[in-house]
Structures are given as structure tokens and as C-alpha cells.
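Labels below follow one simple rule: chain letters A, B, ... track the order of the sequence lines, proteins then strands, and each chain is numbered from 1. What you see below is based on every heavy atom in this structure, not just the backbone, and it leaves out hydrogens, waters and symmetry mates.
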Number of protein chains: 2
Amino acid sequence: MRIGELAARSGVSVRALRYYEEQGLLEADRSGSGQRHYPESAADRVQLIQMLYAAGLSSRTIAELLPCVEAKVSTPESRARLTAERDRIDAQIAALTRTRDRLDAVILFSGSPASGCRWIAGQDAAAQANHTATR
Amino acid sequence: MRIGELAARSGVSVRALRYYEEQGLLEADRSGSGQRHYPESAADRVQLIQMLYAAGLSSRTIAELLPCVEAKVSTPESRARLTAERDRIDAQIAALTRTRDRLDAVILFSGSPASGCRWIAGQDAAAQANHTATR
DNA sequence: CTAAAACCTGACGTTGACGTCAGAGGCAAG
DNA sequence: CTTGCCTCTGACGTCAACGTCAGGTTTTAG
């Protein structure tokens with residue numbers, strides 16, 4: 001498939017796909033006229049790339065680890081990197097969990113009918129119950 | 001305390017503290033000569049700011065929600081924002097967890113002695129056991 | 001009193017993952 | 001054939017959270 005279709009399928013921009021290639025994350029066959037052609041498997045690969053970007057990995061790190069993750073093989077060096085990144089992600093999850101719990105506490109407390117949240121007059125309890133029921 | 005000490009205590013740079021003030025996240029008393037003076041409580045506030053930055057909130061959003069989080073009060077609007085951010089963080093935690101599990105699978109599989117990871121010759125099982133024992 | 005250290009404002013520099021635009025070709029339909 | 005859409009390369013633009021530097025004032029240690 002060509003780049004536009006891959007972009008549509010994987011939900012990223014055409015520019016992003018070219019950028020991934022530039023960073024050595026995604027290879028493409030070229031037609032005689034220079035157009036990129038991707039196999040079906042490219043969609044999965046793009047998903048994986050996005051996944052790793054979302055976890056805070058840089059292009060360089062992704063380029064280093066992507067083959068390992070796809071093939072499930074690793075050298076001692078790459079295994080060290082993998083472990084380091086996993087630990088970093090673990091720490092990030094822990095931090096995010098604390099942050100979420102903190103926000104939850106604010107939401108629950110300030111949203112509770114008994115909490116005296118009526119610090120701006122004119123709020124009726126119905127709207128508050130609505131928000132509280134969000135969870 | 002002055003800005004240098006606050007920076008040292010909270011582990012952020014002086015520049016960052018000035019930036020926070022510029023963004024309306026952190027206020028400071030000024031001495032006659034214009035130097036910033038912070039109360040003890042500023043350290044906690046900075047920690048909270050860092051926490052929210054780390055969760056992916058922008059300066060603008062933090063400025064909006066910081067008073068709510070500190071005082072545990074909220075208007076209906078801010079509660080909606082709080083809920084939205086919490087949900088976003090929840091989703092991010094879920095995505096990170098999936099990513100971590102994927103990395104874990106690679107580490108465990110490629111690190112297992114029986115996995116045939118010896119695809120580069122010359123590795124002894126002892127080093128592998130070391131890495132495996134990391135967790 | 002003096003020199004070092006800390007602080008001030010203002011302004012330009014950095015980084016990464018793209019967005020966007022320009023100008024030029026390629027490709028199936030009518 | 002030509003119209004309209006897709007693609008190409010190359011290059012500059014963006015945005016946020018600071019880093020860094022310049023040039024000057026203030027505070028502190030000796």
C-alpha cells in the first residue's frame with residue numbers, strides 16, 4: 001500500500017511516516033518513480049512505534065529497541081536498555097497513579113454534597129450529583 | 001527563603017521557578033530591592049507543579065487547576081476539567097501498562113535461558129542469569 | 001570595605017516530533 | 001489529454017519548558 005493509505009489505516013500523518021523513515025524506524029520499498037510502498041505489516045509496526053513514543057522513548061531509543069521488540073530477541077546490551085526503559089515506565093506509572101489519586105481526592109471531596117462545595121452560591125445539588133455519578 | 005534555596009530544596013532550577021511565576025503558577029513576595037521571597041509552603045507547591053507537569057498538563061491547565069488541587073475546592077467548570085484530566089491520566093496509565101507488559105514479555109522471553117537467546121555466540125549463562133535476576 | 005556569590009530583567013537559543021508550504025512529478029478516470 | 005488527486009524532496013515554521021548569556025544590582029563573608 002502507498003503512504004496515504006498507511007497513514008489512514010494507522011491514524012498518523014503522512015509527514016509522520018516520512019519522519020519515521022528518516023529516523024530509521026520504518027523502511028519502505030520504492031516504486032520506479034520513487035513512491036513508497038509498504039507491506040500490510042507496516043500498520044502494526046507503526047502502532048508499535050506510536051506506542052513507544054507515547055511511553056516517552058526517543059527516536060534513537062526506539063530505533064535501537066524496535067527490532068528487539070518485534071522479534072523478541074535481545075543482546076545483553078539491548079536487554080539492559082529494555083530493562084532500563086521498563087523501569088522508567090514503571091516509575092512513570094507510579095507517579096501518574098499518585099497524581100490521578102490526588103485529582104480523584106479533589107474531585108470526590110469537592111464534589112461531595114456534604115463537603116460544603118457551595119462556595120459559589122447558586123449551585124443546585126442535582127448538577128453536583130451528576131458530576132459525582134461520573135464514576 | 002530566596003529563590004536559590006527554594007530551587008535547591010525542590011530540586012528544580014532557578015530559571016524554572018521564574019518561569020512558573022511568569023506562567024502564574026507561583027507567586028512571590030518581593031523585598032525592597034526586588035528579590036523574590038518565598039514561604040516554606042512554596043516547596044510543596046513546586047512539588048505539586050512538577051507533579052502536574054509530569055502528568056502532561058500544560059502551564060495553562062495547571063494555572064487553572066492548581067488552586068483547586070491545593071484547596072480541594074472546585075467550581076462545576078473546574079471539576080469538569082479535573083475529571084477530564086484524570087480520565088486522560090487513567091488512559092495514559094493503561095497505555096503505559098500495556099507498553100511495559102510488552103517490554104516485559106520481550107525481556108522475559110529473550111532473557112530466559114531456554115529461549116535460545118544465544119543468537120550471538122559467546123554469551124555464558126551466568127551473565128544472563130544476572131540480568132534475569134534483575135526482577 | 002571589598003570581592004565573591006546570589007539575584008535581577010531581558011532576550012535569544014535548544015530540542016523533538018512533527019506541521020506546512022513550494023515546486024515538481026506520477027497515475028487512474030473520463 | 002487533461003483534470004484532479006496523490007506523492008516526492010527540501011526546507012522553514014511551531015510549540016513548550018526551560019537553558020544560557022549579557023549586563024547590571026544586591027547580599028554576604030571576611
Side-chain angles (χ1 to χ4, degrees), chain A residues 1-39 42-43 45-66 85 88-89 92 95-96 99, chain B residues 1-39 42-43 45-66 85 88-89 92 95-96 99:
Chain A
M1 84 188 82
R2 292 190 302 173
I3 198 171
E5 191 180 344
L6 178 57
R9 282 203 203 179
S10 51
V12 309
S13 71
V14 167
R15 178 66 174 95
L17 295 178
R18 295 204 190 102
Y19 178 74
Y20 297 164
E21 180 172 339
E22 191 183 320
Q23 300 298 307
L25 308 181
L26 188 62
E27 48 183 27
D29 299 336
R30 296 302 187 110
S31 74
S33 58
Q35 300 205 345
R36 295 171 178 83
H37 283 272
Y38 300 93
R45 194 180 178 94
V46 171
Q47 295 296 328
L48 185 52
I49 292 172
Q50 290 277 102
M51 192 177 190
L52 296 175
Y53 271 129
L57 306 211
S58 68
S59 291
R60 217 180 68 81
T61 305
I62 295 177
E64 193 180 334
L65 299 183
L66 196 50
E85 294 300 334
R88 204 183 45 70
I89 293 172
Q92 199 179 340
L96 285 175
T99 305
Chain B
M1 84 188 82
R2 291 191 302 172
I3 197 170
E5 190 181 344
L6 178 58
R9 282 201 203 181
S10 50
V12 308
S13 71
V14 167
R15 178 67 174 92
L17 295 178
R18 295 203 190 104
Y19 178 74
Y20 296 164
E21 179 172 340
E22 192 182 318
Q23 300 298 307
L25 308 180
L26 187 62
E27 49 184 27
D29 300 336
R30 295 302 185 110
S31 73
S33 59
Q35 298 206 346
R36 294 170 178 84
H37 283 272
Y38 300 92
R45 195 180 176 94
V46 172
Q47 295 297 327
L48 185 51
I49 291 171
Q50 290 276 103
M51 191 176 190
L52 295 175
Y53 270 129
L57 306 210
S58 68
S59 292
R60 216 180 69 81
T61 305
I62 296 177
E64 193 180 334
L65 299 183
L66 196 51
E85 294 300 333
R88 205 184 44 72
I89 294 173
Q92 199 178 342
L96 285 176
T99 305

Is any side-chain N or O of [X] closer than 4.0 Å to OP1 or OP2 of [N]?
| X | N | answer |
| --- | --- | --- |
| B:S59 | D:dA16 | no |
| A:Y20 | C:dA17 | no |
| A:S31 | C:dG26 | no |
| A:S33 | D:dT7 | no |

How many Å lie between [atom1] on [X] and [atom2] on [N], as a whole number?
| X | N | atom1 | atom2 | result |
| --- | --- | --- | --- | --- |
| A:L17 | D:dT7 | CG | P | 10 Å |
| A:Y19 | D:dC8 | OH | P | 18 Å |
| B:E22 | D:dG19 | CD | C1' | 13 Å |
| B:L6 | C:dC7 | CG | P | 10 Å |
| B:M1 | D:dT27 | CE | C1' | 18 Å |
| B:L25 | D:dA17 | CG | P | 9 Å |
| B:E5 | C:dA5 | CD | P | 18 Å |
| B:Q35 | C:dA5 | CD | P | 16 Å |

Q. Does A:Q47 CD have over 12 foreign heavy atoms under 6.0 Å away?
A.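 Yes.
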
Q: Give a yes or no on whether A:R60 atom CZ has more than 12 heavy-atom contacts from other residues, nucleotides or ligands under 6.0 Å away.
A: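 12 or below, so no.
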
Q.
Under 3.5 Å, is there any donor-acceptor pair linking the side chain of B:R15 to the base of D:dT20?
A.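 Pair found.
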
Q: Report the C-alpha distance between B:E5 and B:R2 in whole Å, list the side-chain angles of each, state the deciding distance to 0.1 Å, and finish with yes or no for salt bridge (Lys or Arg N to Asp or Glu O under 4.0 Å).
A: CA-CA 6 Å; B:E5 190 181 344; B:R2 291 191 302 172; over 6 Å; no

Q) Within the structure shown, what part of the strands sits under 4.0 Å from B:R30 by heavy-atom distance: base, sugar-phosphate, or nothing? A)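 The residue B:R30 makes sugar-phosphate contact but no base contact.
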
Q: Classify the nucleic acid contact of A:R2 as base, sugar-phosphate or nothing, counting any heavy atom under 4.0 Å across all strands shown.
A: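 Sugar-phosphate, backbone atoms only, no base.
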
**Q.** pair A:S13-A:Y19: side-chain heavy atoms closer than 4.5 Å
**A.**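 They are not in side-chain contact.
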
**Q.** Distance, nearest 0.5 Å, that separates CG of A:L52 from CG of A:L25
**A.**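 Result: 9.5 Å between the selected atoms.
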
**Q.** Of the listed nucleotides D:dA17, D:dT7, C:dC7, the one nearest the side chain of B:S58
**A.**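 Shortest atom-to-atom distance from the side chain points to D:dA17.
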
Q) B:Q23 or A:R36: which one's nearest nucleotide on DNA chain D is closer to the 5' end? A)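 This one resolves to A:R36.
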
**Q.** Closest-nucleotide 5' rank along DNA chain C - winner of B:R18 and A:Y53
**A.**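 It is B:R18 whose nearest nucleotide is closer to the 5' end.
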
